Every structure is written in C-alpha cells, then in structure tokens.
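For reference, the structure discussed in these notes is given below.
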Amino acid sequence: MDDNGNREAFPAAAERLFDRVVDEGAGEAAAISLSEALAECRSPIAITFAPHSLLSVAILVQLALKHPDVGQLSAAEGQMFLDRITPLFPPGVRRVIEQGEQPQWADVPE
C-alpha cells in the first residue's frame, strides 16, 4: 500500500518486509508467514489515539530512531509516521516533537 492507501504498492512493501525478515535471521518460513498474514489485512488500518497517547508514541518512535541498529527502511517508516502526525498537533506540541528530533538529543544512554 502506498502513502495514499493504494493497494498497488502493497506487494512491493511485502517483498521488502520479506527481505528484511530474512536478512535479520528470522528465517524464510517466518518471513513468508508474516508476508501472507499482512496480505490478509484490510487496507488501510485506521486507529484512534487520544492526543496524549499519540504524543507518547511519537516520543517512543523518536527514541527508537536514535538506536544504532535501526535499519534504513524502518527509519524511513518511523520518520514518515512522525512527519504525518506532527501537523495534527497545535504549535506548542509540535515544538516539543521537533525538539526531540534535534541532534543534541542523539546520544541515547545504553
């Protein structure tokens, strides 16, 4: 599924996911199972968050993106999520989210 909810791009996304699962050592059978399960999902999946919960998820995604082992595809998906939800908040909350993306917050203790 592409950014606009079109299903045509879904096979390509499933193929990338398949490759990532195999590359990360989960095994081809697990990747096939995951790809098949995702293909059965109704698209798009819509969920509803309370504003404070969505802010918490945004902060968690920002923290996850700072981990050194996050792959490029996951990082791109995480950043796309943040780019889409940030405009949903009022300016004061947007500033908090934007501050979490600043380089001085890149050093996450292990």
Side-chain angles (χ1 to χ4, degrees):
M1 180 173 54
D2 68 13
D3 294 346
N4 298 317
N6 298 318
R7 199 166 173 87
E8 304 87 50
F10 186 79
E15 184 176 327
R16 287 192 312 270
L17 179 62
F18 175 85
D19 291 342
R20 187 171 71 196
V21 171
V22 170
D23 289 345
E24 293 176 2
E28 191 168 328
I32 290 171
S33 177
L34 182 58
S35 294
E36 289 173 350
L38 285 172
E40 294 175 15
C41 291
R42 291 180 51 214
S43 296
I45 296 174
I47 57 174
T48 303
F49 287 96
H52 68 280
S53 295
L54 187 57
L55 177 60
S56 294
V57 172
I59 292 167
L60 288 170
V61 169
Q62 286 178 326
L63 182 60
L65 290 176
K66 294 176 188 334
H67 193 281
D69 292 334
V70 171
Q72 288 182 338
L73 180 60
S74 295
E77 291 167 347
Q79 189 59 54
M80 182 175 64
F81 173 79
L82 291 171
D83 292 346
R84 287 190 173 185
I85 65 162
T86 301
L88 301 175
F89 290 103
V93 177
R94 283 197 300 262
R95 282 192 293 277
V96 170
I97 294 170
E98 291 162 0
Q99 286 176 344
E101 295 176 358
Q102 293 177 5
Q104 71 261 33
W105 301 108
D107 295 328
V108 178
E110 294 184 19

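If you're wondering where the values come from, they're calculated on a predicted model, not measured in any experiment.
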>> The criterion is side chain to side chain contact (heavy atoms under 4.5 Å, CB included); which residues satisfy it with Ala75, sequence neighbours excluded?
In response: Leu65, Val70
>> Pro90: which residues meet the side chain to side chain contact (heavy atoms under 4.5 Å, CB included) condition with it, sequence neighbours left out?
In response: Val93
>> If hydrophobic clusters are built by linking Ile, Leu, Val, Met, Phe, Trp and Tyr wherever their side-chain heavy atoms come under 4.5 Å apart, do Ile47 and Leu55 end up in the same one?
In response: yes
> Does Leu54 have any side chain to side chain contact (heavy atoms under 4.5 Å, CB included) partners at least two apart in sequence or in another chain, and if so, which?
Replying inline: Phe49, Phe81, Ile85, Leu88, Phe89
> Is Arg95 atom CZ crowded by more than 12 heavy atoms from other residues, nucleotides or ligands, each under 6.0 Å away?
Replying inline: no
>> Could you work out, with side chain to side chain contact (heavy atoms under 4.5 Å, CB included) as the rule, every residue matching Ala46, not counting sequence neighbours?
In response: none
> Would you say the side chain of Leu82 lies within less than 4.5 Å of the side chain of Gln79, judging by non-hydrogen atoms?
Replying inline: yes
>> For Glu98, give me all partners under side chain to side chain donor-acceptor pair (under 3.5 Å), at least two apart in sequence or on another chain.
In response: none
>> Just to verify, what does Asp69 make a side chain to side chain donor-acceptor pair (under 3.5 Å) with, not counting sequence neighbours?
In response: none
